[in-house]
Amino acid sequence: MNILVVNSGSSSIKYQFFRMPSTTPVCTGMVDRIGLETSTINYKAQINGEEHAVSLSMEIADHEAALKEVNTLLMDAKVGVISNPAEIDIVGHRIVHGGEFFTTTTVITSEVKEKLKQTFQLAPLHNPSAFLGIEVAGKIFDRATQIGVFDTAFFQTLPAEAYRYAIPTAYYKDYNIRVYGFHGTSHKYVSAQAAAYLNKSYSRIITVHLGNGCSISAIKNGKAIDTSMGFGPLEGLIMGTRSGSIDPTIVFYLVNQLGYDIEQVSNLLNKRSGMLGLTGFSDMRDVRARIQEGDAEAKLAYDMYAYRIKKYIGAYAAALNGVDAIVFTAGVGENDALVRKLVCSDLQYLGVDFDEEKNGLAAKGIREISSGDSAVKVLIIPTNEELEIANQCYEMSADR
Ligand SMILES: Nc1ncnc2c1ncn2[C@@H]1O[C@H](COP(=O)(O)OP(=O)(O)O)[C@@H](O)[C@H]1O
Ligand SMILES: CC(=O)OP(=O)(O)O
Ligand SMILES: [Mg+2]
């Protein structure tokens, strides 16, 4: 079963190709900076035990052009792994917001696409580009079944006290205004890896996903019981360009006193806030470079970012009645030792004995960054949303 997984972001596409049941990808890669002056394409394939890597810079105007380039590489005479697009059986798509419509992995039909269009407002940075990815993949791989895997699906287990907002009940009943939760594919994947690593049948795990978007989840016996993102992927932690939670009074003030329209408010909170708004940079590597140059605003931004995470850890330890493991994942969580140190300092009260030396080591794979006798294990677990999506597509194809 040949499965191509497509993770479309607003300006990038990450992809992996699997010949299931093997869970080792045949090829992996990313098209970055789509629509900017020069885009980059990275492609790595394993052919007869040998690795072939390609890195290209070119102008790529949109998602259609990007997926066409990926297809060209997949079929390349030297580094390619297929000879015809018809060899792809399934294209699995990451879709961030399932809204009220989709609670589980779903085969994409024209009816599904119509419903997806109604979710654009709920995740404006994500769902429109996922939709584009689906349209383009449908044209290129026209014999493949297209399947959507939703970030929101893993959070179907939240109890009502965690997913309801304290606004009149009619808004929940009539308009489905509730917490949906996001990055579920990642939280599910790393929490399962953590439980297997800890070898515990009973487990209370806090997973901290820190990428461009950031969220944190409380997971009890494999089921999510709370998470920081809400109705859309804007609530909770401070992110690359998103504010995370703010007092809604600020929105009233922007509109009533400063004359903002609602598009401007959305643009401000989704695209111009977070680390970008605080420091001028959304990428943590750039922010850290500013700290090294002695920039006090950059240092404050790091402290704010970590403090918000620390507060959620306290809240989720309470929700879980204690914690067995804290797991860091995604671009920042896996790579940024300073963030992890700021978050995990002064958590002795919880039973965390953080090991700064282990935290500072650069290594790959699952790593423990707490001491051998720490009551609470602190782990770094690389996420793999594409593998989780491929697994779910494969399971679904077996059930059909
Ligand atoms: N070595 C690193 N040190 C600190 N941050 C890093 C490092 N590598 C990547 N990152 C951060 O990871 C972020 C991207 O994470 P990723 O999980 O790929 O996000 P997304 O999937 O949302 O694009 C970047 O914005 C950058 O801030
Ligand atoms: C849901 C979300 O925020 O996704 P990402 O981190 O990929 O932007
Ligand atoms: Mg991501």
Side-chain angles (χ1 to χ4, degrees), residues 5-16 28-34 42 93-99 119 122-130 133 149-155 179-187 189-190 207-217 227-244 269-271 274-276 279 281-292 298 301-302 305-306 328-342 359-364 380-389:
V5 177
V6 176
N7 183 344
S8 302
S10 46
S11 66
S12 72
I13 293 180
K14 292 179 187 164
Y15 61 91
Q16 291 196 26
T28 62
M30 168 147 162
V31 187
D32 208 1
R33 300 170 56 85
I34 298 172
N42 289 305
H93 295 270
R94 173 190 180 210
I95 305 176
V96 161
H97 210 316
T119 62
L122 303 177
L125 297 185
H126 301 91
N127 276 25
S129 34
V149 177
F150 296 89
D151 267 38
T152 42
F154 182 57
F155 299 111
V179 166
Y180 286 101
F182 300 88
H183 296 130
T185 308
S186 174
H187 288 287
Y189 178 80
V190 297
T207 47
V208 192
H209 176 110
L210 307 174
N212 266 319
C214 303
S215 65
I216 178 166
S217 297
T227 193
S228 60
M229 281 179 164
F231 183 57
L234 183 55
E235 193 178 348
L237 302 181
I238 295 172
M239 312 184 208
T241 65
R242 284 168 258 170
S243 59
L269 301 182
N270 278 300
K271 298 188 179 167
M275 298 309 271
L276 178 67
T279 69
F281 299 94
S282 63
D283 190 305
M284 295 299 262
R285 288 165 286 200
D286 295 325
V287 184
R288 212 173 41 217
R290 302 307 280 218
I291 296 178
Q292 268 144 18
Y302 249 73
Y305 183 99
F328 286 92
T329 194
V332 180
E334 290 165 32
N335 294 300
D336 195 320
L338 177 58
V339 163
R340 295 190 302 256
K341 180 178 147 184
L342 291 171
N359 181 49
L361 297 175
K364 289 206 181 303
I380 301 170
I381 301 188
T383 193
N384 195 338
E385 288 163 303
E386 287 79 14
L387 174 58
E388 179 62 34
I389 291 170

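As the structure lists them, so they are numbered: ligands from 1, and atoms in each ligand from 1. It should be emphasised that the depicted structure is a prediction, and the values quoted were computed from it without experimental measurement.
For Ser215, the side chain to side chain donor-acceptor pair (under 3.5 Å) partners are His183, His187, not counting sequence neighbours. For Ala123, the side-chain contact (heavy atoms from CB on, under 4.5 Å) criterion is met by Val96, His97, His126, Asn127, Pro233, not counting sequence neighbours. The salt bridge (charged side-chain N to carboxylate O under 4.0 Å, His left out) check on Glu385 picks up Arg94, with sequence neighbours excluded.
Proximity of Lys14 to ligand 1 is established by a heavy-atom distance of less than 4.0 Å. Heavy atoms of Met275 stay at 4.0 angstrom or farther from ligand 1.
The CG atom of Leu276 lies 12.0 Å from the OG atom of Ser243; values are rounded to the nearest 0.5 Å. A distance of 12.0 Å separates CZ of Phe182 from CZ of Phe150, quoted to the nearest 0.5 Å. How far OH of Tyr302 is from CG of Leu338: 5.5 Å, rounded to the nearest 0.5 Å. Note that OH of Tyr189 and CD of Glu386 are 10.5 Å apart. Values are rounded to the nearest 0.5 Å. Within the model, atoms OG1 of Thr207 and CG of Leu210 stand 10.0 Å from one another, a figure rounded to the nearest 0.5 Å. In this structure, CD on Gln16 lies 9.5 Å from CG on Asn7, to the nearest 0.5 angstrom.
Contact atoms of ligand 1 toward Arg288: 3 (N), 4 (C) (distance under 4.0 Å to a heavy atom of the residue). Taking every heavy atom of Asp336 and a limit of under 4.0 angstrom, the matching atoms of ligand 1 come to 4 (C). Less than 4.0 angstrom separates some heavy atom of Val332 from each of these atoms of ligand 1: 11 (C), 12 (O), 27 (O). Of all the atoms in ligand 1, the ones that sit under 4.0 Å from a non-hydrogen atom of Gly211 are 15 (O), 16 (P), 17 (O), 19 (O).
For ligand 1, the polar-atom distance check finds no N/O of Ala330 at less than 3.5 Å from any of the ligand's N/O atoms.
Judged by distance alone, the side chain of Glu334 and the main-chain N or O of Thr383 form a donor-acceptor pair under 3.5 Å.
Side-chain atoms of Thr185 and Asp151, non-hydrogen and from C-beta on, do get closer than 4.5 Å to each other. Using a 4.5 Å heavy-atom threshold, the side chains of Met229 and Met239 count as touching.
Closest protein heavy atom to atom 2 (C) of ligand 1: Asn335 CB, 3.2 Å. The single protein non-hydrogen atom nearest to atom 26 (C) of ligand 1 is Asp283 OD1, 3.4 Å, given as residue, atom name and distance. For atom 15 (O) of ligand 1, the nearest non-hydrogen atom of the protein is Gly331 CA, 3.3 Å. When only non-hydrogen protein atoms are considered, atom 27 (O) of ligand 1 lies nearest to Met284 N, 2.8 Å.
Counting heavy atoms only, Asn212 comes closest to atom 22 (O) of ligand 1 of the residues Asn212, Asn7, Val339, Leu210. With atom 3 (N) of ligand 1 as the reference point, the heavy atom nearest to it among Glu385, His126, Met30, Arg285 is part of Arg285.
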Every pair of nitrogen or oxygen atoms between ligand 2 and the protein that is under 3.5 angstrom apart - can you list them with their distances to 0.1 Å?
residue	atom	partner	partner atom	Å
ligand 2	3 (O)	His183	NE2	3.3
ligand 2	3 (O)	Arg242	NH1	2.8
ligand 2	3 (O)	Arg242	NH2	3.2
ligand 2	4 (O)	Arg94	NH2	3.0
ligand 2	4 (O)	His126	NE2	3.2
ligand 2	4 (O)	His183	NE2	3.2
ligand 2	6 (O)	His183	NE2	2.8
ligand 2	6 (O)	Gly213	N	3.0
ligand 2	7 (O)	Arg94	NH1	3.0
ligand 2	8 (O)	His126	NE2	2.6
ligand 2	8 (O)	Arg242	NH2	2.9

